K.L.:
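First the structure, then my questions, so here it is.
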Protein chains: 2
Amino acid sequence: MPSPRPLRADARRNREALLSAARVAFLAGDTDAHVEEIARSAGVAVGTLYRHFETREALIEEVYRKEVDDLCAAPEQLLEHHAPAEALRRFLLLLVDHAAVGKGMSVALESIMASDSPVFGDARTHMGDALTRLLDAGATAGTVRGDVTGPTLLRALGGICAMRVSDGWLDEARQITNLLLDGLRHGVPRAT
Amino acid sequence: MPSPRPLRADARRNREALLSAARVAFLAGDTDAHVEEIARSAGVAVGTLYRHFETREALIEEVYRKEVDDLCAAPEQLLEHHAPAEALRRFLLLLVDHAAVGKGMSVALESIMASDSPVFGDARTHMGDALTRLLDAGATAGTVRGDVTGPTLLRALGGICAMRVSDGWLDEARQITNLLLDGLRHGVPRAT
DNA sequence: CCATAAGATGAGTCCGGTTCCGTTTATGTG
DNA sequence: CACATAAACGGAACCGGACTCATCTTATGG
């Protein structure tokens, strides 16, 4: 069902070129690059862009989704080499550092993590699971409180990434992340 | 210098009507209300809207700025009636609750707190000062760590508000806020 | 009551995403 | 290899929405 027809050769090339062009533009921070530009720099016309992507937004989302999916592989690695609490710390700071490389990536992470858009559903679930794994490991080891869920932490991170990149942003983001970690380590569940 | 001419009577009325119409629309969550609609529901034409506000954005910002300025009065009150740490807790949760009343307010707080737009400079400074006052009081009392600044905490809150309103949002936001508070209370400064 | 400058109007411009259809091309079949 | 055909492409036209400007209206001070 997921492959009705194998997609013509040139079509696949063009699709790739579009994604790559969009990737360059968006991750470079030009978050409002025009469809015309993207299409041109991919060597195709707008019509072609719209053949491959429902809408401008859809294209952006595709770029971001891929980017975030990659990051979801990290927790597995980290848990192999570090104690749960440390793995959690490293992963959170990894996310922050990624967000710091450019406005584009920060927007990507925010879009995935802080919105309810169904388009990002998969990526969100994916990332939520990754965090849950880290939190569970920590809770089992007794080094992290057990009343915070992956999705909730995901939101908090989305919030941090929502802060637009600017001078001093990285340090602030790291500090806030450390605050969260301290809260995760030392806090005692409290009635809301 | 700030008052070259006293502004004609009808002009002031119209300006007020526009702000009020925009306020209704935006805080109700219709964050992409059309200028045409706003102008019409204020009983004026678009031209008039643009006589009073440089741009659509400028109008929105004006609405949001006012809203946030009001909130900045709270810390003063809270510090009079509560211990610093408790005042801080109440203020953070107050912000979260305000953000919860509707998408509009949440966008307002996010815009003010998580962006670097110079337009919000005043509001941001204002809010940053308010937080600094709370943090300083807590640090002096020894109940809150002293290495977090108002502006940084402001960013963190902006992040929380950037999470779009949805089912269960309020609870998540409160939980994250409590995490931050726990971090502020128990954490020990760590090298970045 | 008039002069005049501030203010209001709204049709028109501009801009950028999206659509649509005529043309081109990959691909598999005889 | 030539042809048929469906897939893919191009790009001019369309459309919605923010913004402008030439013209008309009206508050206000003398």
Side-chain angles (χ1 to χ4, degrees), chain A residues 1-26 28-64 103-104 107 111 115 117 119, chain B residues 1-26 28-64 103-104 107 111 115 117 119:
Chain A
M1 187 69 66
S3 64
R5 304 289 138 110
L7 201 58
R8 230 166 74 176
D10 56 343
R12 195 159 28 70
R13 258 200 316 280
N14 284 337
R15 173 170 237 278
E16 228 49 50
L18 280 165
L19 275 172
S20 145
R23 193 172 185 293
V24 168
F26 290 136
D30 188 4
T31 14
D32 37 44
H34 299 199
V35 284
E36 207 81 41
E37 293 172 21
I38 297 174
R40 189 158 39 74
S41 83
V44 302
V46 277
T48 302
L49 189 154
Y50 280 96
R51 158 162 289 265
H52 290 287
F53 303 95
E54 198 68 27
T55 173
R56 189 193 117 100
E57 268 301 291
L59 171 56
I60 301 179
E61 288 163 354
E62 184 67 17
V63 169
Y64 288 172
K103 189 185 169 200
V107 172
S111 303
S115 85
S117 154
V119 189
Chain B
M1 190 69 66
S3 64
R5 304 289 137 114
L7 202 57
R8 228 166 74 176
D10 57 341
R12 195 159 27 72
R13 257 200 316 279
N14 283 338
R15 172 171 238 277
E16 227 50 48
L18 280 165
L19 274 172
S20 144
R23 191 173 187 290
V24 168
F26 291 135
D30 188 4
T31 16
D32 39 41
H34 298 200
V35 285
E36 208 79 44
E37 293 173 20
I38 298 175
R40 189 158 40 71
S41 83
V44 303
V46 277
T48 302
L49 188 153
Y50 280 96
R51 158 163 291 266
H52 289 288
F53 303 95
E54 199 67 28
T55 173
R56 188 192 119 100
E57 270 299 292
L59 171 57
I60 301 179
E61 288 164 355
E62 183 67 16
V63 169
Y64 289 172
K103 188 185 169 202
V107 173
S111 304
S115 85
S117 154
V119 190

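Letters A, B, ... mirror the listed sequences (proteins, then strands); counts begin at 1. Keep in mind that this is a model prediction, so the values were computed, not measured.
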K.L.:
Quick check for you: name the first and last nucleotides of DNA chain C, 5' to 3', having an atom under 4.0 Å from a heavy atom of chain A.
P.N.:
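On DNA chain C, the outermost contacted nucleotides are dG16(C) to dT27(C).
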K.L.:
Among residues 17-25 of chain A, which residues get a heavy atom nearer than 4.0 Å to DNA chain C?
P.N.:
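Correct list: empty, so none.
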K.L.:
Search all heavy atoms of A39(B) against all heavy atoms of L18(B) and return the closest pair with its distance.
P.N.:
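Result for this residue pair: CA-CD2, 4.1 Å.
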K.L.:
Verify the contact: side-chain N or O of T48(A) to OP1 or OP2 of dA8(D), cut-off strictly under 4.0 Å; return yes or no.
P.N.:
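Checking dA8(D) against T48(A), no side-chain N or O comes under 4.0 Å of OP1 or OP2.
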K.L.:
Got a donor-acceptor contact below 3.5 angstrom from the T31(A) side chain to the G29(A) backbone?
P.N.:
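Yes; at least one donor-acceptor contact below 3.5 Å.
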K.L.:
Under the side-chain contact (heavy atoms from CB on, under 4.5 Å) test, which residues partner A11(A), sequence neighbours left out?
P.N.:
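Per chain and number, A11(A) pairs via side-chain contact (heavy atoms from CB on, under 4.5 Å) with L7(A), R8(A), H52(A).
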K.L.:
For the side chain of R12(A) and the backbone of P6(A), is there at least one donor-acceptor N/O pair under 3.5 Å apart?
P.N.:
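Pair absent, no side-chain N/O of R12(A) close to backbone of P6(A).
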K.L.:
Scan nucleotides 27-29 of chain D against the protein and return all N/O pairs shorter than 3.5 Å with their distances rounded to 0.1 Å.
P.N.:
from, atom 1, to, atom 2, distance (Å)
dA27(D), O4', R8(B), NE, 3.3
dT28(D), OP1, A9(B), N, 3.1

K.L.:
Taking side-chain hydrogen bond (donor to acceptor under 3.5 Å, both in side chains) as the cut-off, I'd like each qualifying pair that reaches into residues 32-48 of chain B, sequence neighbours left out, listed once.
P.N.:
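Of all non-adjacent pairs touching residues 32-48 of chain B, none passes side-chain hydrogen bond (donor to acceptor under 3.5 Å, both in side chains).
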K.L.:
Would you mind reading off the distance between R51(B) atom CZ and dT26(D) atom C1', rounded to a whole angstrom?
P.N.:
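After rounding, the reported distance stands at 13 Å.
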K.L.:
Rounded to the nearest 0.5 Å, how far does CD1 of I60(B) lie from CZ of R23(B)?
P.N.:
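One finds 14.5 Å between CZ of R23(B) and CD1 of I60(B).
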K.L.:
Starting at atom CZ of R40(A), determine the distance to atom P of dC9(D), rounded to an integer number of angstrom.
P.N.:
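So the CZ-P distance, R40(A) to dC9(D), works out to 18 Å.
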K.L.:
Taking the side chain as everything from C-beta on, heavy atoms only, tell me whether F53(B) gets closer than 4.5 Å to L19(B).
P.N.:
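Yes. Closest side-chain heavy atoms under 4.5 Å.
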K.L.:
Measuring from atom CD of E61(A) to atom CZ of F26(A), what distance do you get when rounded to the nearest 0.5 angstrom?
P.N.:
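Here the interatomic distance stands at 10.0 Å.
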K.L.:
Distance-only, no hydrogens or angles: does the R56(B) side chain make a donor-acceptor pair with backbone N or O of A33(B) under 3.5 Å?
P.N.:
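A pair under 3.5 Å: yes.
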K.L.:
What does the list of N/O pairs under 3.5 Å between the protein and nucleotides 15-20 of chain D look like, with a distance for each?
P.N.:
from, atom 1, to, atom 2, distance (Å)
dG17(D), OP1, H34(B), NE2, 3.4
dA18(D), OP2, V35(B), N, 3.4
dC19(D), OP1, T55(B), OG1, 2.9
dC19(D), OP2, Y50(B), OH, 2.8
dC19(D), OP2, T55(B), OG1, 3.2
dC19(D), OP2, R56(B), N, 2.9
dC19(D), O5', Y50(B), OH, 3.4

